Amino acid sequence: MKEIEQLIAISRKYGSDSRYVIAGGGNTSYKNDEKLWVKASGYPLATITEDGFAVLDRRKLAVISERTYSADSALREEEVKNDLAAACLTKDRRPSVETSMHNAIHYRYVVHLHPTMVNALMCSRDAEAATQRLFGAEAVYIPYTDPGYTLFKEVENRIAACRASSGREPAILLLQNHGIFVGADTTEEIEALYGRVIGRIEAVTGVQTTKPASVPGSVADVLPALRMMLGEQGLKTLKVRNNSRIAAFASREAEFAKIAVPFSPDIIVYCKSKYLYLTGETTEELLAEAGTAIRDYTTQNGYMPKVLLVKGIGLVAAGDNAAGCDIILDVYEDMMKIAEAAQSFGGEHPMTQAQIDFIDHWEVENYRRKVSAGGASGRVENKTVIITGAAQGFGEGIARGLIREGANIVVADLNETAGTATAENLCRLARSNRAVFVKTDVSDTESLRRLMYETVCHFGGLDVFISNAGVLRAGGLEEMTPEQFEFVTKINYSAYFYCAQAASRVMKLQNRYAPENYGDIIQINSKSGLRGSKANFAYAGGKFGGLGLTQSFALELAPYRIKVNAICPGNFYEGPLWSNPENGLFLQYLRAGKVPGAKTVDDVRAYYMAQVPMGKGTSPEDVTKTVLYLIDQTCETGQALPVTGGQVMLN
C-alpha cells in the first residue's frame, strides 16, 4: 500500500533524527475505515519496515472506548491489554499502549514523538500558559495523567470537547511531561505541522549549542573502580561523556538539582528515577564517596544506579551492556537539554513521586525496559577485551569469535583504515555489545596509555588483554641486519612487557574493589616459541622470551587474580602473514632458502603442510576456542598452550 510506504518513510525520517526521537521513543500510525497500522513495541522508528507495525481491527478496538473497566488500576490495565490484544490481527506483534489514542484522533496519519524542544515546553512550570500563548486554539493541552487507559480517556474527552466547541478536529495535542501527537491526512501536512511547532518554541528558547569538552585522564583511575563497585548484581559496562552542557550541570549541587528528578516516563524507563552526583576533589576522595553513595543507593532502592554525574569528569552511564550505555547517555543528556531550554518557560517541572512510582511499577514500561535492555548471551558476555594487531589475520579472527560470544572489543592496531573497517564489521555482528578501533603502537608506552584511556572511556574497564600484534622478518645469521633484529625483538618481546604493564594497572585497580574478580592477559605466541626455527631466529628468540615473560608476569600478578597465559598456534596458512603475495612467509621462506629444494611458493606450502599430523593449518577459530578456555578456567596461569595440529607436542 502506498499509504504504508508513506508511513514507513515518515517514521524513519523522525526516528533517525535525535532532535525528535531518543532511544526509539514515540510511535506512528495510519488508519483507514476498517484497520489501523501502529508501531509495535520493540521496533525502532529509525529502521522500521512494514513488519514493525501491528495491525488492528478498528471495530474491535472501539470496544476500549465504550467498555467500563475495573476501578482497580492494575486489574483495569490488564483488562485493557487483553482487549487490545483481541483487536490485534498480527498476533506476533504487541501494539503500542497508546494505540487507542491513535484511534481516537480522526486523521489518517498520527505521529507521536517526544522532541527535545516540545518537552522543553511540556516539562516546564508554565507549560499550559505558554502553550496558549504560542498556539492558541490550534493545539489541545493535556495536563499530566498516568499513561494507559486513564490517559486515553483524558485525551478522548479533550478531543471531544474541542470538536464540540470549535467544530474541528484538533491536529496538535501537547501532553504535559510527555510529548506531542500530531495528526493529518497526509504525511506532508504532518511535516509542516511539526516544523511550525518546533519553530515557534525555538523562537523563544533559541537553538541550543554545546562545545566539546575532554574527559580528563584521571578517568582511567576512576571508572574501573566504579565498574567493580556497580557490579555486585552482574558485570556492568560503563561509558563516560563530557561536553560544555554536561560540565555545567556537574559543576555544583544547584545545577544538578535541576536534573535530579525525571521529567518524563522515558527517562525512568532507561535511567531509573534517582541519580548519583559525586564531587570528590581527589581520586581517593571520589572513590571513597562513590563507595558509600553506591552502597546507600542500593540499600534504599534494591538496584544499582544507572546514572552518575561526576564533577570534573562528566556523565557516566552504568549499563547492562554497551548499547544500554549509549541509550542512558543520550536520554539523560536530553534531559539536560530540556532543563536548559525550560528556563525560557519558567523553569523545569519534574514529575511527582506518585507519578514516578506509577511508571516504575507499570507493566508496560517494564516490558519496554526489558526489550530495550537486549542482551548478548555468550561465554564472555559484557567482558571488555583489547586485542592488539586485530585489524586483520589472527587478531581479526579472534575478535570476530569473541564479539559473537558477547564481548566488547577494542581493536588496537596501527593500520587505521583496516582497523576502522574491522571495528565496523564487528559491530554488524554484535547484538548489545560493541567494538571500537583505537590506533595503537604497541612499542610506544604513551600510545598504550592512550589505549587504556580510550578503553575505559568506552567500556569502563578491562577484563581481557590479548597481546597479538607481532612481526616477522625471516633470515639467517648472514642475512639478518641489526636493525631488522631489533625491530622484530621490540615488537614481539619488549612490546609484550609494555602491554602487560599497561593492562595490569587497570586490572589491579579492579581487583582492589572486587577481589574475587579475575582478569586475563593472553599472549598469542607461536609454535616457534616452543622450539627453534631455522633462518627465523629473530622471531623465535622473541617468542621464546615471551614465554619467560608470561611465566614471570603470572607469578607477579597471581595475588591480584590476573591470569597470564600464552597460546602457541601453528601456521595460519590462509592468513596474510603467510599468504600475502608481496611479503608473506611463504614468499620470505622461499627467498631465504629455508625449504631445501623449493622452487615455488607452492613447494614451500606443501613442505609445511606435511609436518602437521592433523593435516590442517591452525585457524583463528581454533585459537579463539583456546582463548575462551583460558578465560573460563580459574586455575591455570603461566602456561603455554600449543594449538598446532600436533606439529609441536609438549613433554
Side-chain angles (χ1 to χ4, degrees), residues 210-230 236-252 276-291 307-319 322 325-326 329 333 384-386 388 408-414 416 419 423 434 436-465 495 497-514 519 521 560 562:
T210 187
K211 296 178 181 177
S214 62
V215 176
S218 60
V219 73
D221 299 321
V222 173
L223 254 64
L226 291 180
R227 181 172 177 244
M228 294 297 105
M229 294 178 193
L230 293 162
K236 299 292 184 183
T237 297
L238 270 59
K239 189 171 184 177
V240 63
R241 178 183 294 175
N242 200 28
N243 55 43
S244 58
R245 176 181 294 112
I246 291 170
F249 279 106
S251 62
R252 56 196 181 96
L276 287 187
Y277 177 52
L278 304 175
T279 62
E281 293 294 329
T282 67
T283 296
E284 288 303 318
E285 289 174 354
L286 178 59
L287 293 180
E289 178 189 2
V307 173
L308 301 90
L309 191 61
V310 186
K311 184 178 180 180
I313 287 181
L315 176 61
V316 178
C325 284
D326 289 335
L329 292 174
E333 188 181 358
T384 295
V385 182
I386 294 175
T388 66
N408 297 312
I409 302 294
V410 180
V411 177
D413 204 289
L414 263 179
E416 193 163 1
R434 293 290 182 266
V436 298
F437 168 73
V438 179
K439 186 174 182 179
T440 307
D441 179 354
V442 294
S443 67
D444 178 32
T445 55
E446 179 58 28
S447 181
L448 289 168
R449 186 200 64 79
R450 182 74 184 179
L451 171 62
M452 297 304 144
Y453 167 85
E454 293 290 346
T455 300
V456 167
C457 286
H458 277 94
F459 301 121
L462 175 62
D463 301 295
V464 182
F465 187 97
F497 150 57
Y498 305 150
C499 288
Q501 184 182 61
S504 63
R505 286 170 178 161
V506 178
M507 293 179 183
K508 285 178 182 178
L509 177 59
Q510 292 179 160
N511 175 263
R512 177 179 167 188
Y513 291 90
I521 296 173
Y560 304 98
I562 302 170

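Model, not experiment: these values are computed from the prediction.
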Original post:
Would you say the side chain of T388 lies within less than 4.5 Å of the side chain of F465, judging by non-hydrogen atoms?
Top reply: yes
Original post:
Between Q510 and L462, is there a donor-acceptor pair closer than 3.5 Å when you use the side chain of the first and the backbone of the second?
Top reply: yes
**OP:** Measure the shortest side-chain to side-chain distance between P216 and I313 over non-hydrogen atoms and say whether it is less than 4.5 angstrom.
**Re:** yes
**OP:** With rounding to the nearest 0.5 Å, note down the distance linking OH in Y277 to CZ in R252.
**Re:** 9.0 Å
Original post:
Is a donor on one side and an acceptor on the other found under 3.5 Å between the side chain of E416 and the backbone of K439?
Top reply: no
**OP:** Step by step, work out the side-chain contact (heavy atoms from CB on, under 4.5 Å) result for Y453 and V215.
**Re:** CA-CA 9 Å; Y453 167 85; V215 176; 3.4 Å; yes
**OP:** Locate the shortest heavy-atom distance separating T384 from G461; write the atom from each residue and the value.
**Re:** CG2-O, 3.4 Å
Original post:
Is there side-chain contact between T237 and R434, with heavy atoms separated by less than 4.5 Å?
Top reply: no
Subject >> T210 and S244: CA distance, side-chain angles, deciding distance, side chain to side chain donor-acceptor pair (under 3.5 Å) verdict >> reply: CA-CA 6 Å; T210 187; S244 58; 2.9 Å; yes
Original post:
Picking from V506, T455, L308, V456, what satisfies side chain to side chain contact (heavy atoms under 4.5 Å, CB included) with L223?
Top reply: V456
Subject >> Side-chain (Y560) to main-chain (L509) donor-acceptor, under 3.5 angstrom >> reply: no
**OP:** Indicate yes or no: does E284 engage R512 in a salt bridge with an N to O separation below 4.0 Å.
**Re:** yes
Original post:
How about L287 and M229: do any of their side-chain heavy atoms sit closer than 4.5 Å?
Top reply: yes
Original post:
Do V310 and V222 come within less than 4.5 Å of each other through their side chains, counting heavy atoms only?
Top reply: no
Original post:
Side chains of V410 and H458: closer than 4.5 Å at any heavy-atom pair?
Top reply: no
Original post:
Taking all non-hydrogen atoms of both residues, which atom of V411 and which atom of G419 are closest, and how far apart?
Top reply: CG1-O, 4.1 Å
Original post:
Is D463 salt-bridged to R227, going by a charged N under 4.0 Å from an acidic O?
Top reply: yes
Original post:
When you check the gap from the basic side-chain N to the acidic O, do R450 and E454 get nearer than 4.0 Å?
Top reply: yes
Original post:
Between R505 and M452, is a side-chain contact (heavy atoms from CB on, under 4.5 Å) present by the stated rule, with each step listed?
Top reply: CA-CA 9 Å; R505 286 170 178 161; M452 297 304 144; over 6 Å; no
